[in-house]
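Data first, discussion second: the structure below is written as C-alpha cells.
The residues of the chain are indexed from 1 along the displayed sequence. Atoms considered below: every heavy atom in the structure, side chains included; atoms not considered: hydrogens, waters and symmetry mates.
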Amino acid sequence: LGLFGMKFLPLVGREAEQDKLWRELNLCITNRKSRAVVISGTEGSGKSRLAIWLAQRAHEVGASSNIRGHFSDPQGSNFGLAPMLKRFLRAEGCDRETSKERVSSHMHSLGTTNTLEIDNITEVLGPFKNEPHEYQSRFSREVERFSAIRLFMEAQCKIRPIVMILDDAHLSEPALKFAEHILNSQERSPTPVLVLITMSPEGVPPECRTSIQSLVRRPDVTNLNISALALEHRRHLVQEMLGLDAELAAMVEAKTGGN
C-alpha cells in the first residue's frame, strides 16, 4: 500500500472533458495564440489529474512542452512562479551565477542572445542560494516580472507550443494575474501557450475573487466544471484498480462520493 501513490492511474469517466481539453489545445496551436481553460471542481474531483493527462499526452506526441506551477501551500518550497521556472530549467538550489549559466545556455539554444532578457529571466529565479535572507528583487513592479517570464515562454515556443498548468491558482492572486497577463499580450505578441488553471470553490481568498471573476468572463477562456464521477465509473475505479473485495470497495465508494 505504501507504493500505491506511485502508481499511474488512467482517467475513468472523463472522456467528454478530455475531448474538450484536446480541442482547446488544437485551437491554441492552430491559431498560434494563447488560450486558457479554468478547470474547477471540489477537492479531490480530479482537476489536476485531468490537466496532467493533457500535458503528458501532448508531450508524448510531440505537440507541446510542459511547465507546472503549484499554488496550494504558500509556505512550501514549490509555491509560486519562480519555483515553476526553476524546475523547468533544473536550477533548483543553484546560486545566482549557476542559475544565470543555466538560463543563458537554455536561451542560447533557443536562438536568444539578448543579455537584458537573460538577466531578467535570471532575476525571476531569485532568491538564490547563499544570498541574504532579506533578498530584494530589482523588479519594482509585478508586471516586469510577468514580462520576463512571458519572454521566456515566447522563446520556448520557438521549439513547440507550451501547456502550462497553474495548479490551485485560486489561492494565488499573482498566478491569476500572470494568466491574464499572458492572455492580454496576444494581440501584440501571439504565442501558443495553453494555460490550464485548476481551482476549487472552497477557501478562495478575498483578494483573488475579483481576478477569478475577470478571468472566467473572457472570450479566450473556457470554463470546464468537473463533477463527481458517475456511479459505474466509481465502481470501476475502486473495484478493479484498487483490487479491493466487494464489501471494502463499497465502503470506499460510499466514503469518496465520486471524488
Side-chain angles (χ1 to χ4, degrees), residues 17 19-40 47 50-52 54-55 57-59 61-69 71 80-82 84-85 88-89 103 106-107 110-112 114 116-118 120-121 123-124 139 141-170 172-199 208-225:
E17 291 87 350
D19 288 345
K20 193 168 187 177
L21 286 177
W22 200 255
R23 286 195 299 269
E24 288 294 323
L25 179 59
N26 282 334
L27 192 60
C28 174
I29 293 172
T30 300
N31 294 336
R32 304 295 296 176
K33 281 188 175 182
S34 294
R35 295 184 58 79
V37 181
V38 172
I39 308 174
S40 58
K47 306 178 296 295
L50 195 59
I52 292 169
L54 180 69
R57 182 62 183 142
H59 182 71
V61 300
S64 76
S65 299
N66 305 325
I67 188 167
R68 183 184 182 191
F71 302 92
L81 297 171
M84 176 181 76
L85 210 56
F88 189 89
L89 291 167
V103 172
H106 188 80
M107 296 301 284
L110 300 174
T112 300
N114 186 301
L116 180 59
E117 286 186 16
I118 290 171
N120 285 341
I121 294 167
E123 189 69 20
V124 169
F139 296 133
R141 296 182 302 153
E142 193 172 51
V143 69
E144 295 174 348
R145 188 164 62 103
F146 290 168
S147 295
I149 302 173
R150 176 177 52 81
L151 289 172
F152 174 81
M153 299 283 190
E154 290 178 6
Q156 187 65 35
C157 281
K158 293 176 182 177
I159 304 298
R160 60 177 63 90
I162 293 174
V163 173
M164 178 172 64
I165 301 174
L166 302 180
D167 227 348
D168 293 314
H170 63 289
S172 169
E173 190 177 21
L176 296 166
K177 287 185 174 180
F178 176 64
E180 198 147 26
H181 174 85
I182 290 287
L183 297 174
N184 287 339
S185 69
Q186 294 310 294
E187 289 306 316
R188 66 179 182 275
S189 186
T191 311
V193 177
L194 182 64
V195 188
L196 303 181
I197 304 165
T198 72
M199 62 175 64
C208 293
R209 291 170 187 164
T210 300
S211 295
I212 291 173
Q213 291 171 359
S214 173
L215 198 60
V216 299
R217 292 171 182 167
R218 295 180 61 107
D220 48 4
V221 173
T222 296
N223 296 293
L224 183 58
N225 295 314

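Side-chain contact between V124 and F139 is present, with at least one heavy-atom pair separated by less than 4.5 Å. Put simply, the side chain of E144 does not reach to within 4.5 Å of the side chain of N120, judged on heavy atoms. You'll find the side chain of L81 reaches within 4.5 Å of the side chain of F146, heavy atoms only.
Every side chain to side chain donor-acceptor pair (under 3.5 Å) that Q156 has, sequence neighbours left out, goes to H106. The side chain to side chain donor-acceptor pair (under 3.5 Å) check on Q213 picks up nothing, with sequence neighbours excluded. For S34, the side chain to side chain contact (heavy atoms under 4.5 Å, CB included) criterion is met by I182, L183, Q186, T191, V193, not counting sequence neighbours. Checked against salt bridge (Lys or Arg N to Asp or Glu O under 4.0 Å), R188 has no partners two or more places apart in sequence or in another chain. Legend: residues meeting side chain to side chain donor-acceptor pair (under 3.5 Å) with N31, ordered by chain and number and at least two apart, are absent. Under the rule for a side chain to side chain contact (heavy atoms under 4.5 Å, CB included), A82 has no partner lying at least two apart in sequence or in another chain. By the side chain to side chain donor-acceptor pair (under 3.5 Å) test, R57 pairs with E60, sequence neighbours left out. By the side chain to side chain contact (heavy atoms under 4.5 Å, CB included) test, A51 pairs with I39, I165, L196, T198, sequence neighbours left out. By the side chain to side chain contact (heavy atoms under 4.5 Å, CB included) test, N223 is found to be paired with V38, V216, V221, residues two or more places apart in sequence or in another chain being considered.
In this structure, T30 contributes its side chain and N26 its backbone to a donor-acceptor pair below 3.5 Å. The backbone N or O of T210 sits nowhere less than 3.5 Å from a side-chain atom of S214 that would complete a donor-acceptor pair.
Rounding to the nearest 0.5 Å gives a distance of 10.0 Å between NE2 of H181 and CD of E142. Here the straight-line distance linking atom CG of L215 with atom CD1 of I197 works out to 4.5 Å at 0.5 Å rounding. Expressed to the nearest 0.5 Å, how far CG of L89 lies from CE of M84 amounts to 10.0 Å. Rounded to the nearest 0.5 angstrom, N184 CG and S189 OG are separated by 12.5 Å. Going from atom CG of L176 over to atom CG of L166 covers 8.5 Å, rounded to the nearest 0.5 Å. A distance of 4.5 Å separates CZ in R35 from CG in L27, rounded to the nearest 0.5 Å.
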Working for side chain to side chain contact (heavy atoms under 4.5 Å, CB included), residues S65 and R160: CA-CA 6 Å; S65 299; R160 60 177 63 90; 3.3 Å; yes
Residues L54, V37; criterion side chain to side chain contact (heavy atoms under 4.5 Å, CB included); working and verdict: CA-CA 12 Å; L54 180 69; V37 181; over 6 Å; no
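Counting only residues at least two apart or on different chains, the salt bridge (charged side-chain N to carboxylate O under 4.0 Å, His left out) pairs with a member in residues 173-183 are E173-K177, E180-R218. The salt bridge (charged side-chain N to carboxylate O under 4.0 Å, His left out) analysis of residues 147-157, with sequence neighbours excluded, yields the pairs R150-E154.
L194 and A36 get closest at one heavy-atom pair: CD1-N, 4.4 Å.
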